Amino acid sequence: MRRYGVIAPAFWTGQTGRSIKEAGKDARILAAYFITSPHANMIGLYYLPWPLIYHETGLTEEESRTAFRFLREIGFCDYDDKTEMVWVPNMAEFQIGKSLKPADHNIRAIEKLIESLPKNPFIDAFMQIGRAHV
């Protein structure tokens, strides 16, 4: 488990943050949880079954799923029910940085994380984004 998670001030005031705020408290809770969850990692691609989401956020199943649908619509996150994997596409940028130099030690850490993940539909998309930032 990672020791901390960064929530940028723009989470509350940026374009995405303002959209999340308009969706209501449940969307804000769920978005903040996806960034700071004890199950999360620095790349924003991790295993997270729905029952843990309900339990740890205090949101009901209906509240969680309604908030998630909105977060998915605005591109904040995605979820695969088959593998129970969540993906927050911009999380690596905020947790690691906008770009990495080829010799950055985080590259190996990211590779290890990717290797440890079960096969899921988000890995290829994550790798496409990552290649653009190295």
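Note that these values count all heavy atoms, side chains included, but never hydrogens, waters or copies made by symmetry. Not measured: the values here are computed from a predicted model.
Between Thr83 and Lys119, the closest side-chain pair of non-hydrogen atoms is not below 4.5 Å. Side chains of Ile114 and Ile43 form a contact here, defined as non-hydrogen atoms less than 4.5 Å apart. Side-chain contact check for Asn120 versus Tyr47: every heavy-atom pair is 4.5 Å or farther apart. Using a 4.5 Å cut-off on side-chain heavy atoms (C-beta onward), Leu117 and Phe126 make no contact.
Between the side chains of Asp81 and Trp50, a donor-acceptor pair is found at a separation under 3.5 Å.
For the pair Tyr54 (side chain) and Glu63 (backbone), a donor-acceptor distance under 3.5 Å is absent. A donor-acceptor pair under 3.5 Å links the side-chain atoms of Asn41 to the main chain of Leu45, judged by distance alone.
Minimum heavy-atom separation, Phe76 to Val88: O-CG1, 3.5 Å. Across every non-hydrogen atom of Ile35 and Met91, the tightest pair is O-CE, 3.4 Å. The two residues Ile20 and Phe70 come nearest to each other via the heavy atoms CA-CE2, 4.0 Å. When all heavy atoms of Ser64 and Leu59 are compared, the pair lying nearest together is OG-CB, 3.3 Å. The two residues Tyr79 and Pro49 come nearest to each other via the heavy atoms OH-CA, 3.6 Å. Annotation for Phe34 and Ile53: closest pair CE2-CD1, 4.0 Å, computed over non-hydrogen atoms.
For the atom pair Leu48 CG and Glu56 CD, the distance stands at 7.5 Å (nearest 0.5 Å).
Under the side-chain hydrogen bond (donor to acceptor under 3.5 Å, both in side chains) criterion, no residue pair touches residues 6-23, with sequence neighbours excluded.
By the side-chain contact (heavy atoms from CB on, under 4.5 Å) test, Glu62 is found to be paired with Thr60, Thr66, residues two or more places apart in sequence or in another chain being considered.
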